[in-house]
Structure formats: structure tokens, C-alpha cells
Protein chains: 2
Amino acid sequence: MVEGRHADVMQDSLTAKGRATRARIVEGAAGVLREQGPAVTTLDDIRARTGTSKSQLFHYFPQGKDQLLLAVAQFEADRVLEDQQPHLGRLDTWESWQEWRDAVVERYERQGDECPLGSLFLQVGRSGPGARAIVTELMRQWQEDLARGIRSLRENGLVSPSLDADREAAALLAGIQGGVTIMMSTGDSTHLKAALDTAVAHLRASLHGTAPV
Amino acid sequence: MVEGRHADVMQDSLTAKGRATRARIVEGAAGVLREQGPAVTTLDDIRARTGTSKSQLFHYFPQGKDQLLLAVAQFEADRVLEDQQPHLGRLDTWESWQEWRDAVVERYERQGDECPLGSLFLQVGRSGPGARAIVTELMRQWQEDLARGIRSLRENGLVSPSLDADREAAALLAGIQGGVTIMMSTGDSTHLKAALDTAVAHLRASLHGTAPV
DNA sequence: CCCCGACTGGACTTGCTGGTCCATTTTCTC
DNA sequence: GAGAAAATGGACCAGCAAGTCCAGTCGGGG
């Protein structure tokens, strides 16, 4: 969706086998990058992992490594929201919020200290607007889903009508993001949980008087 | 404090001139790294910026680039908390919290999309425990300061006594961290502000009944 | 003032990695 | 089934950047 500007001319001229290979490269590369980080990952690593040759890499990604990394970034970004479904799409009761919370925690605890997007972003980040666009779009979408969830709560009379849904969603998103970041460094998911739980508590407290911690 | 294990033997045998040069290297390197990111920064860039020679770099950092990056990371980490003083040390009234909030926002808005620590962490990150230790210690200290601030509020009767200071501090720290991260990607400080303000609002709401957005 | 060790300069080596090229095989299309 | 286009294999190249080395200067303590 984002990379669709430059290389989609090729997308058309891809045979079934070609598409399969391309996908294999992207997925394999994603794996390698998650495991050892982009700083030390070479094209040969990816080649080895995906059972491909140098020429294949450049056949499918003519603009070289950056383009490949970008494709991987897009691949990872797509997974982020997918992995939160269907919960993220139905945040209309407190139970669904709790389920979503658990899904998020579970997803990132499983991921451990591998930070596919953060690292990729920093790798390609400054070079082109490409990576930035991917991350920005992801954040926008994510926040939108959260805000919609908060509005659902409001419509169900579960939170105060005076609550600014977008603002709350922004804060919550920041908390998640930071929680994940901290977990990358420390290996501890305490902060992520604290951010999620505190945010939900804040929402709940908006209606009834005092905040139950 | 953290790097003090391996190379401090050298620290002793440093003359005044030597210390000055070493400091110049670290500060200069920090500047270059902030500006162009570690992925594309070479020792020659640092050499040029600091007016030093290759041999000097390796004279002061015998273990090479990694050691230098680690020193820079420590240098940057030290600044993070320093830049929040004296506010971070005196979070006992709502006014002081507000001042601190403004200081944080101002600091990171000025920093823009340069992420000294995040990028450095990812560069050296997985290689050794060194970088990880630096970040972990920074987070620990930061959270501790925030928790102490919350306890000050409690002692002054400004927040609910049932509030878990450490948990709130963890959530707040995550929010800040994520806000900064998002600002790196999008260039927009909305999330950082939302995280800070929402967290403070949550603290205030813990005492009186309903939460004023 | 002199001498040893810290400090500096910069040429050189070396390994690696992204990227190129062309020859060969497979696959689609007519 | 034949020709073209796509897919694949792998040798090869070029540049760059980390790290080495030694020769020369400086500086301070005895």
C-alpha cells in the first residue's frame, strides 16, 4: 500500500512461482531480522535463510537492500494490527477491552526482545520517507481503532461523555508503544501492563467517582 | 559507572590533555550520531568532526567502535535525567508537576527526530549487555524519581492514598517513552503531550471524584 | 634538562558486503 | 513445441570502513 509507488510495475509481471519466491524472501528476511537485528544482517544471511541466490534478491528488489527492508517493514506493520484482531475491532464492552489487553500483552511477551519495526525504522528511517510513512500510517490506524473503541464505550454509557476519545487514544497508544520499547531493553513487561491497566482504569474512573486502582 | 569495568585502567593514566581529547571525542561523536544516525556514521565522520586521528580514537577506545558508541550512550543517558532537573527532583505540588511536564515536552521537541539513545541501543544493543545495562539503569532511575514524586503528592494529601506509586510511575514512564518514540516517527508531539497530561489527570482524579479531562 | 610514557598523525591492510553480470533453466503463451 | 519472458545460479567486482602500525611530537616528573 505504501510501497506501491515505485515497483508495482513488477508486481504485475510476476508469475505464480515468482510471487511465492518473493513472499518467501520477505518472510525469511523478516525472521532473520527479528532474530539478529538489522545492523548485523547481511544479504547473504537472508540468502542463506531463504534458499535464494543473489540475483533473485535483486530480481525482486531491484533497488537493493533498502527496498527489501522496506518491504519487510510493511510486512511487519501489517501483522501488528492483524494480531490484535478481532479484539481491536470490537472494543465496546469492558470484557472486550480486557480481552484485547491480554492479546496485546501476550503478543508482545511472545515477541520478546525482538523489535521488528523499531529497528527497521531506524535502519531505513532517515534515508527515505518510506519507512516513516509506514510507521505513521500504522500509528494513525491503531489510534483510530482505539478511539473508535472509546466512542463505543461512550455510546454504551460506560465512560464519561466529556472524555476526549482521540486524546485518550493517543495517550494509550503512547503507553503501549513505550511499554513495548521498555520491554525491549529490560525484557520486563511490567511497564506495558501498567500502561494498559492504568489507561483502562482511567477510562473506567471517568464515569464513577473515584478511581479504583 | 557502567563502563567502569573494562577500560578504567586507562582512565587513571590519562593526562589533562588526554581527558580533554577523550571528552571532545565523546561529545563530538554524540553530535554526529544525533544528526545522521548511527547506521551511517563512520569513524571517519567522527574523526572529521572532532579533529582527531584514527590512532587517537583507538588510543582512547582500544576496543573500537562499540566501546566508543557505548561511551556515547552513557553520555546521552546521563543527560536525559539532568535535563529534567531540578523539576524531576521536586515533584511535590501540582505546579511542580506542570513545570516538569513542560520541561520534558520542551526538551524532546527541541531534540526533534533525533533519537540518541534509541538508535544507539539498537546499534550496540544485542551485541553486549553493556548498552542494555545503560538503558535499564536509566529507566530504573527515572521511574524511581517519578514514584518518589507521586509519594510526595500523597504525603501532601494531593492524591489518593490507595494509589500504587510504582505502578503509576511505570505507566507514566511508558507513556513518555512511547510519546517520544512516536514523535521520532511522525515528528508530532501530540502523543507525548497526551500521555503526560492524561497521566497527571489520572493522578488528580484519584482524589476528587470525577476526572476533569 | 632529559627521558619515558602519553599523545598524535596518517598511511596501509584487510575483510566484508552490497551490487553487477551473464549464462542457464524454467515457465508462460500462442 | 517454439520463442520469449521470467526465474535462477553463482562468479565477480568495487568501495568502504574498521582496525593496525610505526614514526614522530609533546609534556611532565626526577
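Residue numbers start from 1 in every chain, and the chains themselves are labelled A, B, ... in the order their sequence lines are given, proteins ahead of strands. The shown structure was predicted, so the numbers you read here are calculated from the model rather than taken from an experiment.
Taking 4.5 Å as the limit, every side-chain heavy atom of B:Gln143 sits out of range of all side-chain heavy atoms of B:Leu138.
Contact check on A:Arg101 versus A:Glu106 returns no salt bridge, with no Lys/Arg side-chain nitrogen under 4.0 Å from an Asp/Glu carboxylate oxygen.
The side chain of A:Ser53 lies closest to D:dG9 when the candidates are D:dG9, C:dT20, D:dG19. Counting only heavy atoms from C-beta on, B:Lys54 has its side chain closest to D:dG19 among D:dT8, D:dG19, D:dA6. Closest to the side chain of A:Lys17, from the set C:dT26, C:dT8, C:dG10, is C:dT26. Nearest to the side-chain atoms of B:Tyr60 among the listed nucleotides D:dA18, C:dC7, D:dT8 stands C:dC7.
For D:dA7, neither phosphate oxygen OP1 nor OP2 lies less than 4.0 angstrom from any side-chain nitrogen or oxygen of A:Thr21. Considering only side-chain N and O atoms, B:Gln56 lies under 4.0 angstrom from the phosphate OP1 or OP2 of C:dT8.
Rounding to whole angstrom units, CZ of residue B:Phe58 and P of C:dA11 are separated by 17 Å. Distance B:Gln67 CD to D:dA18 P: 15 Å, rounded to the nearest Å. Spacing between atom NE2 of B:His59 and atom P of D:dC26 amounts to 16 Å, rounded to whole angstrom units. One interatomic measurement links the two molecules: CZ of B:Arg47 to C1' of D:dG19, which rounds to 14 Å at whole-angstrom precision. Going from atom CG of B:Asp66 over to atom C1' of D:dA17 covers 14 Å, rounded to whole Å. Atom CG of B:Leu14 and atom P of C:dG5 are 16 Å apart (whole Å). As a whole-Å value, the separation of A:Asp44 CG from C:dG19 P is 12 Å. When rounded to the nearest whole Å, the span between CZ of B:Arg22 and P of C:dT8 equals 13 Å.
Minimum heavy-atom separation, A:Leu91 to A:Ser152: O-CB, 3.8 Å.
By the 6.0 Å contact criterion, CZ on B:Arg90 is open, its count of non-hydrogen atoms from other residues, nucleotides or ligands being 12 or less.
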Legend entry - Secondary-structure string, 5' to 3', Watson-Crick or G-U under 3.5 Å, | for another-strand partners, for DNA chain D: ||||||||||||||||||||||||||||||
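Between the side chains of B:Asp188 and B:Thr190, at least one donor N or O sits under 3.5 Å from an acceptor N or O. A donor and an acceptor atom, one from each side chain of A:His191 and B:Gln177, are nowhere located under 3.5 Å apart.
Heavy-atom nearest nucleotides on DNA chain D were determined for A:Thr52 and for B:Leu43, and the one closer to the 5' end corresponds to A:Thr52.
Relative ring orientation between A:Trp94 and A:Trp97 is described as tilted, the plane-to-plane angle lying within the 30° to 60° band.
Within 4.0 Å (heavy atoms only), B:Ser55 reaches at least one base atom of the nucleic acid.
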